[in-house]
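If you're wondering where the values come from, they're calculated on a predicted model, not measured in any experiment.
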Amino acid sequence: MSECIQISFAVCRIGISTCFRALCCKGPPPARPEYDLVCIGLTGSGKTSLLSKLCSESPDNVVSTTGFSIKAVPFQNAILNIKELGGADNIRKYWSRYYQGSQGVIFVLDSASSEDDLETARNELHSALQHPQLCTLPFLILANHQDKPAARSVQEVKKYFELEPLARGKRWILQPCSLDDMEALKDSFSQLINLLEEKDHEAVRM
């Protein structure tokens with residue numbers, strides 16, 4: 001009988017010790033990986049408003065970025081340090097100066113824009129997809145302003161921008177978005193984070 005009691009006590013003591021370590025000696029959670037991204041798109045595409053909303057900032061009274069700004073956008077499994085570049089005519093020619101060190105690209109387009117602006121956006125996206133410093137990086141392409149009546153569908157954007165032939169073999173995601181649907185926007189960024197993690201794992205294997 002005494003042997004059974006001793007064994008039971010030993011098991012109980014081990015259990016208490018394990019519980020104590022789990023509750024009181026738990027170390028800090030592992031640090032979330034950080035990725036440096038560049039966000040580009042024409043003025044009026046909605047880059048600043050989308051990033052402000054992701055940071056839980058009010059999109060009211062948002063002023064278009066004239067040079068560049070950097071926001072650290074936290075997600076559950078990563079932190080995205082996003083460098084947003086202004087989209088005005090006189091700034092776009094300097095975009096490439098800010099590409100160095102980027103690990104991914106966010107391209108925002110206004111899906112309800114005029115034909116002329118859409119053509120300009122297509123040319124800028126084509127240029128980014130083929131740029132030596134960006135061509136191997138994951139791309140998240142956001143067809144913004146889907147809440148507007150004139151918005152083009154994702155399929156229309158994909159066809160007009162000729163993404164299938166141009167981006168074949170590249171890592172890219174095309175998603176619809178608007179400020180009215182933050183869950184869909186966050187899901188788009190989660191998909192981008194998955195692509196970034198895959199690229200990290202490939203680099204480790206090499």
Side-chain angles (χ1 to χ4, degrees), residues 28-42 45-59 62 65 68-85 87 98-99 101-112 121 124-125 128-129 131 133-148 151-159 161 163-164 166-206:
R32 287 175 288 181
E34 296 192 26
Y35 298 100
D36 296 327
L37 309 179
V38 62
C39 178
I40 54 180
L42 305 190
S45 61
K47 304 184 300 296
T48 307
S49 295
L50 290 175
L51 295 179
S52 296
K53 197 74 180 289
L54 282 171
C55 291
S56 300
E57 300 171 359
S58 173
V62 163
T65 302
F68 75 90
S69 66
I70 299 176
K71 287 185 182 292
V73 185
F75 290 87
Q76 186 174 359
N77 55 341
I79 296 174
L80 303 183
N81 299 311
I82 302 176
K83 184 191 302 176
E84 180 201 347
L85 307 184
Y98 299 91
Y99 289 166
S102 298
Q103 296 169 279
V105 182
I106 303 161
F107 189 95
V108 183
L109 63 96
D110 179 3
S111 61
E124 294 293 353
L125 178 57
L129 283 166
H131 193 279
Q133 290 179 300
L134 304 182
C135 61
T136 62
L137 304 182
F139 271 70
L140 171 60
I141 305 164
L142 295 173
N144 195 18
H145 297 153
Q146 287 291 309
D147 52 326
K148 294 185 177 180
R152 297 162 180 86
S153 68
V154 166
Q155 290 303 319
E156 289 174 314
V157 170
K158 182 188 293 186
K159 182 178 180 180
F161 277 66
L163 286 174
E164 291 290 358
L166 182 69
R168 185 175 293 118
K170 302 179 185 293
R171 297 177 175 87
W172 59 277
I173 305 163
L174 171 62
Q175 291 286 93
C177 73
S178 73
L179 288 176
D180 294 337
D181 193 350
M182 290 308 297
E183 288 305 313
L185 182 64
K186 290 177 181 178
D187 181 67
S188 299
F189 275 85
S190 294
Q191 293 183 52
L192 175 61
I193 291 170
N194 289 339
L195 291 183
L196 293 166
E197 290 174 342
E198 288 175 9
K199 189 170 177 60
D200 266 359
H201 294 155
E202 288 179 4
V204 169
R205 286 198 295 269
M206 292 175 62

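Annotation: K186, atom NZ; neighbour count of heavy atoms from other residues, nucleotides and ligands within 6.0 Å does not exceed 12.
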Side chain to side chain donor-acceptor pair (under 3.5 Å) for T48 and E84? Distances and angles first, verdict last. CA-CA 8 Å; T48 307; E84 180 201 347; 2.5 Å; yes

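At least one side-chain heavy atom of S52 sits under 4.5 Å from a side-chain heavy atom of K71. Using a 4.5 Å cut-off on side-chain heavy atoms (C-beta onward), D147 and D181 make no contact. Counting only heavy atoms from C-beta outward, the side chains of S111 and E156 never approach each other to under 4.5 Å. Within the 4.5 Å cutoff, the side chain of I82 has heavy atoms near those of the F189 side chain. When side chains are defined from C-beta on, K53 counts as touching M182, because their heavy atoms get closer than 4.5 Å. The closest side-chain heavy-atom distance from L42 to E124 is below 4.5 Å. Under the 4.5 Å side-chain criterion, counting only non-hydrogen atoms from C-beta, L195 is not in contact with E197.
Between L50 and C177, the closest heavy-atom pair is CD1-SG, 3.9 Å. Closest heavy-atom contact between C135 and K170: O-NZ, 3.4 Å. The minimum heavy-atom distance between I173 and Q175, with the atom names listed, is CG2-CG, 3.5 Å. Minimum heavy-atom separation, S102 to Y99: OG-O, 2.8 Å. Residues N144 and G46 approach most closely at ND2-CA, 3.6 Å, considering heavy atoms.
Listed by chain and number, the residues in a salt bridge (Lys or Arg N to Asp or Glu O under 4.0 Å) with K158 are E164 (sequence neighbours excluded). Partners of E34 by salt bridge (Lys or Arg N to Asp or Glu O under 4.0 Å), not counting sequence neighbours: none found.
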